[in-house]
Amino acid sequence: MHIVIMGCGRVGAALARTLEQRGHTVAIIDRDEAAFRRLGSSFGGRRVEGIGFDRDTLREAGIEEAGAFAAVSSGDNSNIIAARVAREMFGVENVAARIYDPRRAEVYQRLGIPTVATVRWTADQMLRRLLPSGAEPLWLDPTGGVQLAEVHASTAWVGHRVSRLQQETGTRVAFITRLGEAMLPTSDTVIQEGDLVHVMMRCDRVGDVEAAFSRGPEGEVR
């Protein structure tokens with residue numbers, strides 16, 4: 001896939017190098033030519049000097065052949081404008097924009113532009129470490145109906161199968177982090193001590209799910 005990135009700061013440069021290492025072709029745009037030094041000499045993609053939402057600049061970066069576009073400059077307005085131009089004028093299917101203001105991020109998320117709110121992401125990561133008893137969303141669908149969350153499971157669930165956990169909590173276990181590594185469980189996978197359980201659930205059932213995870217399974221039969 002050809003991918004165009006706007007913004008060659010630390011995030012943009014790291015993203016460009018990672019995508020290229022994974023076999024994609026990459027073009028990165030920045031108005032400051034000196035910013036391209038962050039890419040290093042091994043980067044083989046296109047370096048395009050210009051404004052990331054300018055149509056001619058985007059064409060020079062290969063936007064018409066791109067399968068994805070990422071706007072990760074330091075300006076919220078520039079990122080949103082560029083993301084909308086990429087999607088609405090050039091028909092790029094996979095578009096994402098970094099937004100520093102979480103309130104703006106929510107608005108654009110509901111308009112169908114996937115956003116990454118830097119401050120909120122960092123705060124959520126801290127909350128998941130400071131308040132392990134709660135369910136902090138890792139992902140929220142644009143309609144606000146379904147979320148992916150890391151939920152603290154009582155030790156009473158240790159030794160029970162994922163199938164039972166799902167049945168009694170009304171969730172779908174997306175993956176489990178065990179000993180620092182993510183794994184995709186089957187219905188027969190058994191919960192072990194120290195597991196971090198990541199589940200999909202309806203947003204209006206968060207309280208019920210937290211309660212079910214906290215109290216453990218019904219009865220004593222495993």
Q: Take Leu19 and Thr25, measure what side-chain contact (heavy atoms from CB on, under 4.5 Å) needs, and give me the verdict at the end.
A: CA-CA 8 Å; Leu19 289 169; Thr25 61; over 6 Å; no
Which heavy atom of [X] sits nearest a heavy atom of [Y], and at what distance?
| X | Y | result |
| --- | --- | --- |
| Ala27 | Ala61 | CB-O, 3.2 Å |
| Pro217 | Ala156 | CD-O, 3.5 Å |
| Pro185 | Val173 | CG-CG1, 3.7 Å |
| Ile80 | Ala97 | CD1-CB, 4.3 Å |
| Glu20 | Gly45 | OE2-N, 3.0 Å |

Measure from the side-chain N and O atoms of [X] to the backbone N and O of [Y], and report whether any donor-acceptor pair falls under 3.5 Å.
| X | Y | answer |
| --- | --- | --- |
| Glu168 | Ala212 | no |
| Glu193 | Thr155 | no |
| Asp208 | Arg205 | no |

Taking atom [atom1] of [X] and atom [atom2] of [Y], what is their separation to the nearest 0.5 Å?
| X | Y | atom1 | atom2 | result |
| --- | --- | --- | --- | --- |
| Asp56 | Ile63 | CG | CD1 | 13.0 Å |
| Gln167 | Glu218 | CD | CD | 11.0 Å |
| Ile81 | Asp76 | CD1 | CG | 11.0 Å |
| Asp54 | Glu60 | CG | CD | 9.5 Å |
| Arg98 | Asn79 | CZ | CG | 7.0 Å |
| Leu196 | Ile176 | CG | CD1 | 9.5 Å |

Contact between [X] and [Y] at the side-chain level, heavy atoms closer than 4.5 Å - yes or no?
| X | Y | value |
| --- | --- | --- |
| Phe69 | Val85 | no |
| Phe53 | Ser78 | yes |
| Val162 | Ser187 | no |
| Met183 | Thr189 | yes |
| Cys203 | Leu140 | yes |
| Arg46 | His2 | yes |
| Thr171 | Val197 | no |
| Met201 | Val206 | yes |

Can you confirm whether [X] is buried at [atom1], in the sense that more than 12 heavy atoms of other residues, nucleotides or ligands lie under 6.0 Å from that atom?
| X | atom1 | value |
| --- | --- | --- |
| Glu64 | CD | yes |
| Arg59 | CZ | yes |
| Arg55 | CZ | no |

Listing, residues 31-43 side-chain donor-acceptor contacts under 3.5 Å, not counting sequence neighbours, or none:
from	atom 1	to	atom 2	distance (Å)
Asp32	OD1	Ala34	N	3.1
Arg38	NH1	Cys8	O	3.0

Q. His198 vs Phe175 aromatic rings, parallel, tilted or perpendicular, using cut-offs 30° and 60°?
A. parallel
(Q) Working note: Val199 + Leu148, criterion side-chain contact (heavy atoms from CB on, under 4.5 Å); need CA distance, chi angles, decisive distance, verdict. (A) CA-CA 6 Å; Val199 302; Leu148 170 66; 5.8 Å; no
When clusters are formed by joining ILVMFWY residues with side-chain heavy atoms under 4.5 Å apart, either directly or through shared neighbours, do [X] and [Y] land in the same one?
| X | Y | result |
| --- | --- | --- |
| Tyr100 | Val72 | no |
| Met89 | Val48 | yes |
| Leu15 | Met1 | yes |
| Val92 | Ile29 | yes |
| Ile28 | Val4 | no |

Q) Step by step, would you call Thr169 with Trp157 a side-chain contact (heavy atoms from CB on, under 4.5 Å)? A) CA-CA 11 Å; Thr169 62; Trp157 283 106; 4.2 Å; yes
